[in-house]
Structure formats: C-alpha cells, structure tokens
Amino acid sequence: MIMRYGKTFCACLASVLAGCAAETEFKLDPATHAITSKRTFRTHEEAWRTHLEENIQAEIRGDPPPVRGETWPQFWRGWYASLRHTKDGEERIAYVRAQRKAHGLNPY
C-alpha cells in the first residue's frame with residue numbers, strides 16, 4: 001500500500017518538475033491587454049532561438065524592430081550588448097551573427 005502511493009507520488013512529482021523546465025510565452029492585445037496567443041517551449045534555449053528567428057524574419061520582411069524608435073542595427077547592437085553580460089554571451093553572439101549571415105543579413 002505504501003509502495004503504491006510512493007510510486008504515484010514520484011510520478012506526480014516528475015510531471016510537475018518536467019513542467020517547470022518549459023517556458024511559456026503569452027502575447028497580449030495592446031488595446032485590451034487580453035491574451036491573444038500562448039506558446040509553450042520545451043526549454044529556454046528553444047524559446048530563445050525561436051525568438052531570434054522571428055526577429056530575423058521581421059527584419060527581412062521590412063517590419064520595424066520590436067523596440068520603438070530604434071533601427072535594426074541599433075536593435076542588434078543593443079541585443080549583443082545585453083548578451084555580453086551572460087556567461088555564454090560570446091557564444092550566443094557568434095550564433096546570432098552566423099544566423100544573420102546565413103540569411104544574407106549584415107551581422108553587425
């Protein structure tokens with residue numbers, strides 16, 4: 001009896017901890033602040049790479065940068081500056097530059 005509950009507890013704990021590793025992104029309507037979409041990523045790394053690709057595609061389409069009042073070169077240089085404060089920042093910057101180059105964009 002105790003063994004059965006112990007296994008159930010472990011299974012529940014494992015499912016909760018696995019959920020903690022996921023990252024969820026919500027998009028809001030700017031006027032109403034209502035949630036318009038929700039995406040869940042398995043890892044922070046997956047979310048980061050998806051966000052990077054979305055920014056690259058937005059630049060290719062000619063959309064403005066997500067930061068109001070900035071140009072795309074200013075946006076990317078600012079992102080590089082923020083990445084330099086992380087332990088793997090230089091690796092991430094190299095990855096961003098390689099992805100931009102692969103899309104035919106200036107890596108800055």
Side-chain angles (χ1 to χ4, degrees):
M1 180 97 148
I2 291 174
M3 184 65 93
R4 189 174 81 193
Y5 289 119
K7 288 181 180 179
T8 303
F9 175 75
C10 288
C12 289
L13 182 62
S15 66
V16 168
L17 292 177
C20 292
E23 184 164 313
T24 304
E25 172 188 83
F26 296 95
K27 291 199 179 197
L28 303 177
D29 181 291
T32 65
H33 300 289
I35 296 173
T36 58
S37 68
K38 174 184 169 185
R39 291 192 298 184
T40 302
F41 301 97
R42 289 185 299 273
T43 64
H44 175 73
E45 186 68 22
E46 178 187 5
W48 186 83
R49 288 177 188 250
T50 301
H51 187 61
L52 168 64
E53 184 62 29
E54 288 171 350
N55 282 327
I56 289 172
Q57 293 302 321
E59 183 178 4
I60 290 170
R61 283 191 309 270
D63 296 348
V67 179
R68 190 178 305 174
E70 283 193 350
T71 63
W72 280 108
Q74 291 169 328
F75 172 80
W76 291 111
R77 288 182 183 118
W79 198 359
Y80 295 158
S82 69
L83 289 173
R84 285 191 177 93
H85 298 287
T86 63
K87 66 179 181 177
D88 62 345
E90 292 303 321
E91 292 172 27
R92 287 185 181 263
I93 290 169
Y95 179 79
V96 172
R97 286 185 169 145
Q99 291 301 305
R100 289 183 52 74
K101 210 172 195 179
H103 285 85
L105 298 170
N106 184 338
Y108 302 116

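Nothing here was measured: the structure is a model prediction, and the numbers come from that model.
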Hydrophobic cluster membership, L52 vs Y108, 4.5 Å side-chain cutoff: yes
Linked, directly or transitively: L83 and V67 (ILVMFWY side chains, under 4.5 Å): yes
Where Q74 and G69 come nearest, the two heavy atoms and their spacing: OE1-O, 3.9 Å
Partners meeting ring pair (Phe, Tyr, Trp, His ring centres under 6.0 Å) with Y80 (sequence neighbours left out): none
Where T50 and E46 come nearest, the two heavy atoms and their spacing: OG1-O, 2.8 Å
Validation row: W48, R92 side chains within 4.5 angstrom (heavy atoms): yes
side-chain contact (heavy atoms from CB on, under 4.5 Å) between H51 and N55, worked out: CA-CA 6 Å; H51 187 61; N55 282 327; 3.5 Å; yes
Atom pair CD/CZ of E54 and R61 - distance to nearest 0.5 Å: 8.5 Å
Other residues, nucleotides, ligands: >12 heavy atoms within 6.0 Å of E91 CD: no
P66 versus F75, closest heavy-atom pair with distance: CG-CE1, 3.5 Å
Donor-acceptor side-chain pairing of E53 and H103 below 3.5 angstrom: yes
Test item: V96 and Q99 side chains (from C-beta on) under 4.5 Å apart, heavy atoms: no
Test side-chain contact (heavy atoms from CB on, under 4.5 Å) applied to I56 and W76, step by step: CA-CA 10 Å; I56 289 172; W76 291 111; 4.0 Å; yes
Geometric cation-pi criterion, R49 with Y95: 6.0 Å, 45°: yes
side-chain contact (heavy atoms from CB on, under 4.5 Å) between D63 and E59, intermediate numbers included: CA-CA 6 Å; D63 296 348; E59 183 178 4; over 6 Å; no
Side chain R100, main chain N106, donor-acceptor under 3.5 Å: yes
